[in-house]
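The chain is numbered in sequence order, starting from 1. Given the structure is predicted, the values throughout are model-derived calculations rather than measurements.
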Amino acid sequence: MKHYIDANNQLWAFELDGSQDHLITESMQPLTDAQANAHRAAVAAARAAAHQASLSYAQKRAAEYPPMADYLDGVVKGDQAQIDGYVSACLAVKAKYPKPTA
């Protein structure tokens with residue numbers, strides 16, 4: 001594939017055989033495969049960051065809390081160290097994503 005980027009930072013890929021060359025405009029800049037891959041990675045990282053920023057503190061917490069089954073397993077086994085570990089992990093998540101003050 002031949003890779004190009006346009007003025008809107010949009011990545012384009014065209015066949016190497018020249019069958020799509022009529023679609024390449026003069027405003028498009030050619031990119032190497034490595035540059036195209038770096039661009040894709042940067043776009044993916046920006047989307048992930050925007051998604052993360054759009055989540056509420058509660059959604060962020062829910063995604064990172066350890067499974068409740070770990071706590072219940074510790075209770076059933078009477079393993080206080082496992083229970084304490086679960087509580088510590090939950091408190092770390094709460095500290096990472098504090099509840100906003102009103």
In Å, rounded to the nearest 0.5 Å, how long is the span from [atom1] of [X] to [atom2] of [Y]?
X: Cys90; Y: Asp70; atom1: SG; atom2: CG; answer: 9.5 Å
X: Ser27; Y: Asn8; atom1: OG; atom2: CG; answer: 8.5 Å
X: Leu31; Y: His39; atom1: CG; atom2: NE2; answer: 8.0 Å

*Which of parallel (below 30°), tilted (30 to 60°) and perpendicular (above 60°) describes Tyr86 and Tyr71?*
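Answer is tilted, since the angle falls between 30° and 60°.
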*asked:* Looking at Met68, I want to see if its CE is surrounded by more than 12 non-hydrogen atoms of other residues, nucleotides or ligands under 6.0 Å.
replied: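 No, not enclosed.
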Are [X] and [Y] side-chain neighbours, meaning at least one heavy-atom pair lies under 4.5 Å?
X: Asp73; Y: Gln82; answer: yes
X: Phe14; Y: His22; answer: no
X: Leu11; Y: Arg40; answer: yes
X: Lys2; Y: Asp21; answer: yes
X: Val43; Y: Asn9; answer: no

_Contacts of type side-chain contact (heavy atoms from CB on, under 4.5 Å), residue His51, not counting sequence neighbours_ =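 Testing His51 for side-chain contact (heavy atoms from CB on, under 4.5 Å), a comparison that skips the adjacent residues, returns Ser54, Leu55.
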I need the minimum non-hydrogen distance between [X] and [Y], along with the two atoms involved.
X: Ile24; Y: Tyr4; value: CD1-CE1, 3.5 Å
X: Glu15; Y: Gln20; value: N-OE1, 2.7 Å
X: Ala13; Y: His3; value: CB-CD2, 3.9 Å
X: Gln29; Y: Glu26; value: NE2-O, 4.5 Å

Donor-acceptor contacts under 3.5 Å from residues 95-102 side chains, at least two apart:
residue	atom	partner	partner atom	Å
Lys96	NZ	Glu64	OE1	3.1
Lys96	NZ	Glu64	OE2	3.3
Tyr97	OH	Glu64	OE2	2.5

*asked:* Between Trp12 and Asp6, does the side chain to side chain contact (heavy atoms under 4.5 Å, CB included) criterion hold? Intermediate values first, please.
replied: CA-CA 8 Å; Trp12 296 82; Asp6 67 17; 2.9 Å; yes
*Do you reckon Leu23 sits in the same ILVMFWY cluster as Met28, going by side-chain contacts under 4.5 Å, direct or chained?*
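Yes, Leu23 and Met28 fall within the same hydrophobic cluster.
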